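Okay, so here's the structure we're looking at.
Chain letters run A, B, ... following the sequence lines, proteins first, then strands; residues in each count from 1. Every value quoted in this text rests on a predicted model; they were computed, and no experiment measured them.
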Amino acid sequence: MKLVHSFRIVANASMMHWRMPMLEKIRSRWKLLVERELVAYAKEQGISTKEVESASLVVQSPPKSELGDIAFPFFSYAKSFRIAPPVLVQHIRIRMEKRDDLPNGMLLAAGPYLNVKIDMAALAEATAAAVENHKERYGHNDSLAHKRIMVEFSCPNTNKPLHLGHLRNDAIGQSVAAILKANGADVRKVNLINNRGVHICKSMLAYQKFSQGETPQSSGLKGDHLVGTYYVRFAQWEKEDPSALDQAQAMLKAWEQGDEHIIELWNKMNTWTIEGIEETYKKTGITFDQYYYESDTYKLGKDKVLAGLDKGVFYRQEDGSIWIDLAEIALDKKVLLRKDGTSLYLTQDIGTAIARHEDWPFDSLIYVVANEQSYHFKVLFYVLQKLGYEWASDLHHLSYGMVNLPEGKMKSREGTVVDADDLIDELSEMALAEIKAKEREEEVGDAQKTSSAIALGALHYYLLQVNPLKDMIFNPADSLSFTGNTGPYLQYMGARICSMLRKYREAGAIVDHINFDGSLLVLEEERALVKLIARFGETVEKAAAELDPSVIASYLYELSRLFSKYYHDHPVLKAPEPSLIKARLTLSAMVLQVLRNAFSLIGIPFLETM
RNA sequence: GCGCCAAUAGCUCAGCUGGAUAGAGCAACGGCCUUCUAAGCCGUAGGUCAUGGGUUCGAGUCCCCUUUGGCGUACCA
């Protein structure tokens with residue numbers, strides 16, 4: 001399975017030791033020591049050290065905690081040394097143990113693996129200090145420092161409200177932007193409003209014919225929903241009146257010629273839709289740094305296509321249309337401008353990309369767009385390259401899979417499209433009902449606010465736990481469930497820790513004066529938690545390298561599940577010794593901080609109580 | 001037809017980029033609330049990693065064939 005995006009932007013060489021996360025530092029230190037010993041042994045045995053050096057040592061994590069914390073498989077050295085891996089492991093272990101410059105820790109020979117049990121007390125204390133120092137920035141790094149990355153997502157049409165597909169798009173875009181930012185990049189989130197074209201005219205025309213001047217105020221409908229009803233109305237009318245489409249096209253022409261009445265109507269309806277959509281963004285916590293409008297950029301696209309014609313990279317057909325030959329990238333031919341001179345989707349995107357690079361010269365531009373458009377982006381990037389823009393190679397299509405329903409595809413004709421606002425409202429109602437059923441309305445404070453936060457947590461986690469490239473099935477029943485591997489489960493973990501910390505303070509913060517002693521965390525779960533917390537930074541980096549929020553989602557679930565089991569089995573506030581209370585409290589607070597930080601990367605609202 | 005992508009438990013998804021006995025959740029069954037919030041915890045059951053071949057010490061992971069499914073291949077967006 002090859003699902004990894006090859007995100008082209010090159011990370012900075014930030015891997016200098018002084019800023020390397022603690023766990024990585026320990027791993028690479030041990031790696032160097034094992035390699036040193038292998039080379040020394042090879043010399044003694046009269047084996048070419050080149051052979052040994054070229055088989056670079058692999059670093060892994062053992063599957064079980066009894067086997068230690070770091071694993072070095074020795075399979076690949078068997079040939080050079082001409083002995084079985086387990087034998088070599090024993091030799092190297094014994095030799096290394098004679099050294100007096102080893103860091104704290106223990107070497108374990110586990111068959112063909114040489115494993116290390118690390119000094120967990122030191123790791124726990126260093127990690128606790130790092131969490132304490134960096135707080136909401138713990139886990140952040142500067143691997144993408146000074147990189148300007150533009151992320152385009154959402155891109156709604158102004159003829160209908162957002163649906164489930166947009167929600168996946170928005171969730172991915174918002175999350176990827178946050179992840180890149182956490183890696184130090186200078187990120188600019190941009191939206192592109194598809195506000196021109198025949199499809200926009202369809203809802204306008206139907207409105208003109210059938211609305212009798214209805215407005216969001218008079219109808220009580222959100223603007224985008226109101227406009228959407230006329231888009232649907234057009235589809236009905238089109239069946240009754242075959243001239244409907246011609247009329248819509250005539251309207252588009254009039255629009256392009258600047259007909260005042262039509263522009264006025266267009267402005268009015270666009271405003272309604274955009275205001276409605278922005279309300280949805282507000283509800284889902286989606287924000288942008290800048291909006292682009294196709295009505296502003298399509299002309300630039302036209303100009304650039306004509307310029308390309310002059311340069312000879314495109315050609316004109318007899319009927320007047322302008323084309324590009326895609327033979328170089330093993331594709332066919334593609335129209336860039338219609339014979340009547342009007343622009344196409346591709347033309348507009350050419351203009352938009354150029355305008356963006358002029359506005360904010362980026363090191364990379366990531367388009368978050370469904371995979372059904374991969375052909376479009378392949379062509380777009382090629383066209384821009386042909387036009388001579390060197391930055392064309394910095395464009396990246398983050399292609400995500402379709403959202404389907406258990407019954408199959410969403411189809412507007414069959415009315416199976418899941419509306420974004422309806423879904424969020426339904427989720428909120430379910431969450432509210434749950435709060436009431438648990439009789440936690442008072443406890444929770446603002447039950448309304450809490451339930452929408454839970455709804456959002458459920459939705460975003462559901463959408464982001466799947467690798468973006470894969471098609472996913474959105475099962476409404478599952479998404480409405482708040483138990484198991486869900487957003488609310490994670491939120492609940494955070495709320496429980498908060499509650500525990502509140503109780504501690506109410507009881508007088510008894511162990512505040514005691515120093516945190518990492519050596520007290522000896523339980524298997526505690527070691528696993530410390531390691532996992534120490535790995536958060538790597539996880540954030542991996543998520544950026546792969547442009548994949550599901551990396552964060554999986555990490556969060558693992559952390560929560562581990563902590564959940566831990567605090568169920570082992571008392572924190574009622575631990576037998578004050579110093580142990582302190583140690584466990586510190587560990588819990590670390591988990592809490594990481595939950596908070598990770599939540600913000602995948603759009604899960606943090607809740608102090610629920 | 002051609003191109004791109006996918007296939008892991010009944011269902012929805014992981015699987016640290018080729019390593020130790022393939023993991024979770026849901027659904028099913030059983031156990032745990034005078035003990036830091038039961039939106040929780042524990043246990044049982046569930047797998048020929050679509051099929052066949054190849055690469056090598058070693059394959060769910062890499063390569064090829066086949067099958068099935070999705071998307072694309074518009075002077076729609």
Expected list for residues 332-339 of chain A: side-chain donor-acceptor pairs under 3.5 angstrom, two or more places apart:
| from | atom 1 | to | atom 2 | distance (Å) |
| --- | --- | --- | --- | --- |
| A:R338 | NH1 | A:T342 | OG1 | 3.0 |
| A:R338 | NH1 | A:S343 | O | 3.1 |

Is the ring centre of A:Y367 less than 6.0 Å from the ring centre of A:F153?
-> no
Nearest-angstrom distance from the residue atom CD1 of A:I329 to C1' of B:rC2 | 15 Å
Ignoring the backbone of A:S61, work out which of B:rC16, B:rU17, B:rA77 is nearest its side chain.
-> B:rC16
Answer syn or anti for B:rU67, where the cut-off is 90° from 0 on the glycosidic torsion.
-> anti
Looking at side-chain heavy atoms only, is the closest gap between A:L556 and A:F599 below 4.5 Å?
-> yes
What nucleic acid atoms does A:Q60 come within less than 4.0 Å of, heavy atoms only: base, sugar-phosphate, or nothing?
-> base
Assign each of A:S554 and A:S481 to its nearest nucleotide of RNA chain B by heavy atoms, then name whichever residue's nucleotide is nearer the 5' end.
-> A:S554
Side chain proximity check, A:C155 to A:I193, heavy atoms < 4.5 angstrom = no
Does B:rC29 adopt a syn or an anti glycosidic conformation, taking syn as a chi angle within 90° of 0?
-> anti
Look at the side chain of A:R338 and decide which nucleotide, out of B:rC71, B:rC75, B:rC26, has an atom nearest to it.
-> B:rC75
Contact class for A:Q491 (heavy atom, under 4.0 Å): base, sugar-phosphate, or nothing?
-> nothing
Please produce a list of atom pairs where a protein N or O lies less than 3.5 Å from an N or O of nucleotides 56-59 of chain B.
| from | atom 1 | to | atom 2 | distance (Å) |
| --- | --- | --- | --- | --- |
| B:rC57 | OP1 | A:K79 | NZ | 2.7 |

Send over the distance from A:F563 CZ to B:rC41 P, rounded to a whole Å.
-> 12 Å
For A:A71 and for A:H199, locate the closest nucleotide of RNA chain B by heavy-atom distance; then report the residue assigned to the nucleotide nearer the 5' terminus.
-> A:A71
Base, sugar-phosphate, or nothing for A:N115, non-hydrogen atoms under 4.0 angstrom?
-> base
May I ask you to establish whether A:R168 and A:Y400 are in a cation-pi arrangement, using a distance under 6.0 Å from NZ or CZ to the six-membered ring centre and at most 45° from the ring axis?
-> no
A:Y345 ring center within less than 6.0 Å of A:H376 ring center | yes
A:Y231 ring center near A:F234 ring center (under 6.0 Å) | no
So which heavy atom on A:Q60 is nearest to which on A:P73, and how close?
-> OE1-CG, 3.7 Å
Please work out if A:N157 contacts a base, only the sugar-phosphate, or nothing of the nucleic acid, heavy-atom cut-off 4.0 Å.
-> sugar-phosphate
Sugar-phosphate only, base, or nothing, as touched by A:P112 at under 4.0 Å among non-hydrogen atoms = nothing
Does A:K542 pair with A:E538 as a salt bridge, N-O distance under 4.0 Å?
-> no
Nearest-neighbour nucleotide for the A:K565 side chain, B:rU21, B:rA77, B:rC42 considered = B:rC42
Is A:Y345 touching bases, backbone alone, or none of the nucleic acid, heavy atoms closer than 4.0 Å?
-> base
Are any non-hydrogen side-chain atoms of A:L459 and A:L427 less than 4.5 angstrom apart?
-> yes
Sugar-phosphate only, base, or nothing, as touched by A:E294 at under 4.0 Å among non-hydrogen atoms | sugar-phosphate
Non-neighbouring partners of A:H568 that pass side-chain contact (heavy atoms from CB on, under 4.5 Å), sequence neighbours left out | none
Side chain of A:K470 only, please: which of B:rA24, B:rA77, B:rA14 is the nearest?
-> B:rA14
How far, in whole Å, is B:rG52 from B:rG15 if one measures between their C1' atoms?
-> 24 Å
Would you mind listing every side-chain hydrogen bond (donor to acceptor under 3.5 Å, both in side chains) that reaches into residues 61-73 of chain A, with sequence neighbours excluded?
-> A:S61-A:R535, A:S65-A:E524, A:D69-A:R527, A:D69-A:K531
Please determine, for the side chain of A:W323, which listed nucleotide (B:rC16, B:rC75, B:rA6) has the closest atom?
-> B:rC75
May I ask you to say what A:K339 touches in the nucleic acid, namely base, sugar-phosphate or nothing, with a heavy-atom cut-off under 4.0 Å?
-> base
State yes or no: are the ring centers of A:Y557 and A:Y489 separated by less than 6.0 Å?
-> yes
Please report, rounded to the nearest Å, how far the C1' atom of B:rG69 is from the CG atom of A:N404.
-> 11 Å
Atom CD of A:E546 to atom C1' of B:rU17: distance rounded to whole Å?
-> 8 Å
Name the nucleic acid region contacted by A:D471, choosing base, sugar-phosphate or nothing; use a 4.0 angstrom heavy-atom cut-off, strictly under.
-> sugar-phosphate
Residue A:L67, side-chain atoms from C-beta onward, closest of B:rA20, B:rC26, B:rU21 = B:rA20
OP1 or OP2 of B:rC75 sitting under 4.0 Å from any side-chain N/O of A:K334?
-> no
Donor on one side chain, acceptor on other, A:D224 and A:T273, under 3.5 Å = no
How would nucleotides 35-40 of chain B be written as a contact map, 5' to 3', with B for base contact, S for sugar-phosphate-only contact and - for no contact, using protein heavy atoms under 4.0 Å?
-> SBBSBB
Extract the stems that RNA chain B is part of, considering only consecutive pairing runs of at least three Watson-Crick or G-U wobble pairs, both distances under 3.5 Å.
-> B:1-7 with B:67-73, B:10-13 with B:23-26, B:28-32 with B:40-44, B:52-54 with B:62-64
